[in-house]
Amino acid sequence: MDSKNNQSPTARILVEFLEVAITSVVFLKGVYPSDAFERRRYMNVVVQRARHPQLRDYIHSAVSGLLPFIQKGLVERVAVIFFNTDNIPLERFIFKLAMDQSYGSKVEEGDLEFSLRSFLVKLSVSEGLTKVLPRDCRWEITAYFRSLPHVSTSKDADLWIPTDTKQWQQPSLITPIKSMSSEPLSVQLYLEHPSLSEPKPQEKKIL
């Protein structure tokens, strides 16, 4: 049986979009030299594609591994999180997702792609909303599930492990970037930063 026949067109398009959008976020933050990326066209928008196989494969495998869970409506948010050397989050790009499972194959793919394209355009001019990161920061992709998938029933669940990411103690500051709400898909993209009252890590004293 061809597994593609069982795929929701909405879920497939969303996963492809997330791969491109996450790559755009990483490019935007300047974590790697600009020549680590190459220009491509996607949804009639100029976007960035990672040249390095390991970087490209990490983003692709992480996001494509979410496809069966997105189809089941289990994925609530997908985040790109940037950390300092103490493994404390500095900035989070959040994609909040909601998909109507009842639509099936009735979605107009052209309309959906048109709506998602606006996120890529907005991302490309969002650098002013973000913070300058230290040169030695690291990043990762984290998915937040509405309920945990059962490992015994899905081999894809083995790809995801509980995160040990440190959380902020105070409510985060949220900066909206873009949102869309239409059947069968709703997407919100926003930034999270630590509150100004967030306790700072204690500096190490030199004896």
Side-chain angles (χ1 to χ4, degrees), residues 2-28 40-50 56 58-81 91-126 129-130 139-150 153-154 156-157 159-160 163 172 174-192:
D2 187 352
S3 61
K4 289 186 176 180
N5 292 334
N6 296 324
Q7 290 182 6
S8 158
T10 304
R12 175 181 54 79
I13 292 171
L14 178 58
V15 164
E16 291 175 355
F17 159 76
L18 285 173
E19 182 175 348
V20 175
I22 289 173
T23 304
S24 298
V25 168
V26 176
F27 174 80
L28 178 76
R40 285 286 190 270
R41 187 168 289 275
Y42 174 73
M43 292 184 179
N44 204 31
V45 177
V46 175
V47 297
Q48 301 293 329
R49 178 176 182 266
R56 188 169 63 245
Y58 167 64
I59 298 174
H60 174 74
S61 60
V63 179
S64 61
L66 289 174
L67 178 58
F69 309 120
I70 288 176
Q71 290 185 129
K72 296 174 183 177
L74 293 176
V75 180
E76 181 182 26
R77 289 170 292 157
V78 178
V80 185
I81 309 177
E91 188 171 59
R92 294 193 286 229
F93 285 75
I94 307 290
F95 296 86
K96 188 174 182 180
L97 315 174
M99 192 173 74
D100 187 342
Q101 304 297 310
S102 66
Y103 255 68
S105 60
K106 294 182 290 184
V107 63
E108 291 290 338
E109 295 188 20
D111 293 343
L112 183 57
E113 290 180 352
F114 180 81
S115 298
L116 291 173
R117 184 172 60 194
S118 60
F119 284 81
L120 301 175
V121 174
K122 186 68 174 180
L123 258 178
S124 67
V125 295
S126 295
L129 301 175
T130 71
W139 68 280
E140 68 180 30
I141 300 170
T142 300
Y144 298 86
F145 290 76
R146 290 184 172 86
S147 61
L148 291 178
H150 297 290
T153 59
S154 174
D156 298 290
L159 300 174
W160 291 88
T163 180
S172 60
I174 295 176
T175 303
I177 295 180
K178 185 69 180 175
S179 66
M180 61 165 280
S181 181
S182 60
E183 296 295 350
L185 179 67
S186 295
V187 180
Q188 296 178 38
L189 170 60
Y190 55 90
L191 271 171
E192 287 186 347

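Worth saying up front: this structure is predicted, and the values here are computed from it rather than measured. When reading the values below, keep in mind they use all heavy atoms of this one structure, side chains included, and skip hydrogens, waters and symmetry mates.
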Item checked: Pairing residues for E19 by the side chain to side chain donor-acceptor pair (under 3.5 Å) criterion, not counting sequence neighbours -> H60
Check: Does the side-chain contact (heavy atoms from CB on, under 4.5 Å) test come out yes or no for F145 and V75, once each step is laid out?
Finding: CA-CA 5 Å; F145 290 76; V75 180; 4.1 Å; yes
Checklist line | Separation between CD of Q188 and CG of L97, rounded to the nearest 0.5 Å | finding: 9.5 Å
Check: Is the shortest heavy-atom distance from the side chain of L123 to the side chain of L189 under 4.5 Å?
Finding: yes
Next item on the list: Search all heavy atoms of G73 against all heavy atoms of R146 and return the closest pair with its distance.
Entry: O-NH1, 3.3 Å
Note to self: Looking at every non-hydrogen atom in both residues, tell me the closest pair between A79 and Y144 and how far apart they are.
What the structure shows: CB-CE1, 3.8 Å
Notebook entry, point to check: Can you check whether L18 reaches I70 side chain to side chain, under 4.5 Å on heavy atoms?
Noted result: yes
Notebook entry, point to check: Checking side-chain contact (heavy atoms from CB on, under 4.5 Å) for the pair E140/T142: CA distance, chi angles, key distance, verdict?
Noted result: CA-CA 6 Å; E140 68 180 30; T142 300; 3.1 Å; yes
Check: If you round to the nearest 0.5 Å, how far is CD1 of I13 from CG of L112?
Finding: 4.5 Å
Checklist line | Closest contact, heavy atoms only, Y190 versus P176 | finding: CB-CA, 3.9 Å
Checklist line | Nearest-0.5 Å distance, CG of residue L74 to CE of residue M99 | finding: 10.0 Å
Margin query: V78 and side-chain contact (heavy atoms from CB on, under 4.5 Å): which single residue from I22, V187, V15 fits?
Written below: I22
Next item on the list: Answer whether the closest heavy-atom distance between the side chains of F17 and L120 falls below 4.5 Å.
Entry: yes
Next item on the list: Give a yes or no on whether the backbone of F95 and the side-chain of R77 come within a donor-acceptor separation of less than 3.5 Å.
Entry: no
Notebook entry, point to check: Residues two or more places apart in sequence or in another chain: which of them pass side chain to side chain donor-acceptor pair (under 3.5 Å) with R117?
Noted result: none
Margin query: I'd like to know whether the aromatic ring centres of Y58 and W139 sit less than 6.0 Å apart in this structure.
Written below: yes
Check: How far apart are the C-alpha atoms of T23 and V47, what are their side-chain angles, what is the distance that settles it, and do they pass the side-chain contact (heavy atoms from CB on, under 4.5 Å) test?
Finding: CA-CA 9 Å; T23 304; V47 297; over 6 Å; no
Notebook entry, point to check: Quick one: CZ on F93 to OG1 on T175, what's the gap to the nearest 0.5 Å?
Noted result: 9.5 Å
Checklist line | Which atom of A11 lies closest to which atom of Q71, heavy atoms considered | finding: CB-CG, 3.5 Å
Notebook entry, point to check: Any side-chain heavy atom of L116 sitting closer than 4.5 Å to one from M180?
Noted result: yes
Check: Which of these, S124, S118, S126, sits in a side-chain contact (heavy atoms from CB on, under 4.5 Å) with K122?
Finding: S126
Next item on the list: Could you please spell out the steps behind the side-chain contact (heavy atoms from CB on, under 4.5 Å) verdict for E16 and Y42?
Entry: CA-CA 10 Å; E16 291 175 355; Y42 174 73; 3.5 Å; yes
Notebook entry, point to check: CZ of R40 to CD of Q48: how many Å apart, nearest 0.5 Å?
Noted result: 10.0 Å
